[in-house]
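Written below as structure tokens is the structure these notes are about.
None of these values were measured; they are calculated from a predicted model.
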There are 2 protein chains.
Amino acid sequence: MPADDPAVRLPTLSQVAALAGVSLKTASRALNSEPNVAEETGQRVRAAAEQLGYRLNGLARELRRGGTSAMVGLISGDLANPFYSAVASGAERELRRHGLLLVTANNDENVSQERNLVDVFLERRVRALLIVPSGGGQEYLARDDIGGVPVVFLDRPPQGLAADSVLIDNEGGARAAAEHLLAGGHRRIALVADLARTASQRARIDGFAAAMRRAGNPDWDRYLRTDIHDAATAERTISALLDLDEPPTAIFTTNNRLTTGALRILARRSRPPALVGFDDFELADVVGTTVVAHDMVALGREAARLAFARISGHSGPPETVVIPASLIPRGSGEIAP
Amino acid sequence: MPADDPAVRLPTLSQVAALAGVSLKTASRALNSEPNVAEETGQRVRAAAEQLGYRLNGLARELRRGGTSAMVGLISGDLANPFYSAVASGAERELRRHGLLLVTANNDENVSQERNLVDVFLERRVRALLIVPSGGGQEYLARDDIGGVPVVFLDRPPQGLAADSVLIDNEGGARAAAEHLLAGGHRRIALVADLARTASQRARIDGFAAAMRRAGNPDWDRYLRTDIHDAATAERTISALLDLDEPPTAIFTTNNRLTTGALRILARRSRPPALVGFDDFELADVVGTTVVAHDMVALGREAARLAFARISGHSGPPETVVIPASLIPRGSGEIAP
DNA sequence: GTGAAAGCGCTAACAC
DNA sequence: GTGTTAGCGCTTTCAC
């Protein structure tokens, strides 16, 4: 039996109507529990639908209702990264409460791929777009150019565009990390950061730098390393830092991937430096890693909430929700210089 | 400007055609690069589309082409669990290669919720369903009842139904864990397992049990604990095991969540028992945890591949792909009794 | 090479 | 309370 055997084609509403001996519209009314259907008629229609195994064709409904679907698109980095999957989890749960479906796509941290995905999603007539931008300007997402589809930015603010966004308090979190290490007596503190072109990394670097300057620690940037994007590079970078003549006595890593790399290196050292990492992670409590934590599931949830408000017709100026970030001491950040 | 302002409605093909001064069908042909369009005409149509910011309405196309969409649905547990998000990541990447989109939904580990989601997905006319079943029978997914939509089962085989599936070598992996601990001289080995009603947990339990019996270790089930579903219960269960008069000298946990719970408890013990966990996890190398590892991204990828084959018309009997599971010694599993 | 007409499956508007 | 007609935006047939 070939896969496109017409015998397995799903029944349509008019087949249900025919079986029930009513008109198309009456069947529609009955199945959508609209008013003005006799109890007995409704009964008969539902029985016919049941018997045929009828399922509404959502495509047809949505086309008729205005060419818009029940889907919300999420464009982010790889879901294999726990940061993005937590966001997806929070968004999906919130959307499901409103009968909306989450469609995910991986931008491969690549701007042109991201633009492609936006086009793909718009063609599928998503109701809203949630984007963790991988960089670059987002002017092309101007409201009028995308048919008025609401867009919410996650983790990084939009560039060249005003739109709803949900951000982490990157600057505050990084400042807290710096102040914690300074208070612990550290002066030679290394900052190991990811791609400096992303706004979130920049904010973390800036927050850290501000705290350092305020503490009268001006040449801290001897130990500044940015654009470290993968774990292997992080490991090499940190090894090199520790092999300096005057090695840092503490390290601040600005995301979970870099923190993981750091842990691999520090585990092999007999007298490791202090470590604070941005982003909490599974087992951080077991390993005893001090982190700047924030609720990533909440980030996704809030983004979905903003999107739903817009879908429901809420207008008004763009809103920004800030997710707090706070330091959790667990040992690694409390090692003395 | 209200959100439903008609001014922001996306332009349609006939508007493009009108602007280009050609018929609807010619515009369609030009934009789909079909043959029999004069070079100059195509030029004009593309210019008009560009000028209006035209985007194809995928809903309409798919309705006309037979009521089937470009989406593949994935129903699994919470994406916040790295197991499921790795599966989603692998599936999404593979589907994207074929122009398909992944729609995810969380079954909350709940059978009736899962049936709901299947209905929702079928209404949206997904091209295929990928399911990590949360339990129960799947007779309702019989091919003819769901309009011939291909279904692929992940991690757990279908019940009451023959269908494609991608499984982990649960039994072999569990056996390897048991044999490793036995070879290390352990006899009192605890088995801490999740919900025994799921086939994957059952296979892990069975593989372990078989190895125990073969080793002449018949009353091993003194230390058998099943239906431990959350980390807190796992922690309590393991604490209780270690407080027995004759405590186990080794523990085998049958998934990543339980392993995490075990690590929390063992970290506080001065002389911890040996530990082997099913499922690899981030930082397992840093923590030094011996695990039974398998490629979860590959699991998602293979499932997507099977689904795509069916979508492309491949018929034939159901296929089963088995993802190998192998033990990686990292220290915790090599502790002597 | 191009176009007119029909129709995918459904819902909205307006009869009766 | 029920039915008829039209049409969402597109592709398919068939004519020119």
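- The side chain of B:N36 lies closest to C:dG1, out of C:dG1, D:dT4, D:dC8.
- Within a 6.0 Å sphere centred on CD of B:E40, heavy atoms belonging to other residues, nucleotides or ligands number more than 12.
- Distance alone, capped at 3.5 Å, is enough to place a donor-acceptor pair between the B:N110 side chain and the B:Q113 backbone.
- Ion pairing between A:R65 and A:E62 fails under the 4.0 Å rule for side-chain N and carboxylate O.
- Contact between the side-chain N/O atoms of A:T41 and the OP1/OP2 oxygens of D:dG1 is not found at any separation under 4.0 Å.
- C:dA4 atom P lies 14 Å from atom CG of B:L13, rounded to whole Å.
- C:dA12 atom P lies 11 Å from atom CZ of A:R29, rounded to whole Å.
- The CD atom of B:E123 sits 15 Å away from the C1' atom of C:dT11 (whole-angstrom rounding).
- When the P atom of D:dG7 is taken as reference, atom CG of A:L24 falls 16 Å away, rounded to whole Å.
- For A:K25, taking side-chain heavy atoms from C-beta onward, the closest of the listed nucleotides C:dA13, D:dT2, D:dG9 is C:dA13.
- Of all the heavy atoms in A:L63 and B:L59, the pair that sits closest is N-CD2, 4.2 Å.
- Closest approach to the A:T26 side chain among D:dC10, C:dG9, D:dT2 is made by D:dT2 (side chain taken as heavy atoms from C-beta onward).
- An OP1 or OP2 oxygen of C:dC8 is reached within less than 4.0 angstrom by no side-chain nitrogen or oxygen of A:N57.
- With C:dT11, D:dC10, D:dG9 as the candidates, the nucleotide lying closest to the side chain of A:L56 is C:dT11.
- A distance-only check finds a donor-acceptor pair linking the side chain of A:N107 to the backbone of A:E109 [under 3.5 Å].
- For the pair B:G66 and B:V37, nearest-nucleotide mapping onto DNA chain C gives the more 5' position to B:V37.
- Taking every side-chain heavy atom of B:T12 into account, D:dC10 is the closest of D:dC10, C:dG1, C:dA4.
- For the pair A:E62 CD and D:dC10 C1', the computed distance is 16 Å after rounding to whole Å.
- Between D:dC10 and B:S28, no contact under 4.0 Å exists linking OP1 or OP2 to a side-chain N or O.
- Without hydrogens or angle criteria, A:S312 side chain to A:F308 main chain gives a donor-acceptor distance under 3.5 Å.
- A salt bridge links B:E92 to B:R96: one of the charged nitrogens lies within less than 4.0 Å of a carboxylate oxygen.
- Between A:E34 atom CD and D:dT2 atom P the separation is 13 Å, expressed in whole Å.
- Put simply, CZ on B:R61 is 19 Å from P on C:dC8, counting in whole angstrom units.
- Two end axes, each from the C1' atoms of five base pairs, can be drawn for the helix from C:dG1-D:dC16 to C:dC16-D:dG1; they diverge by 40°, to 10 degrees.
- The side chain of B:L63 sits closest to C:dC8 out of C:dC8, C:dT11, C:dG3.
- Side-chain contact between A:E302 and A:I323 is present, with at least one heavy-atom pair separated by less than 4.5 Å.
- The base of C:dG9 is not paired with the side chain of B:R64 by any donor and acceptor separated by under 3.5 Å.
- Spacing between atom CZ of A:R65 and atom P of C:dG9 amounts to 18 Å, rounded to whole angstrom units.
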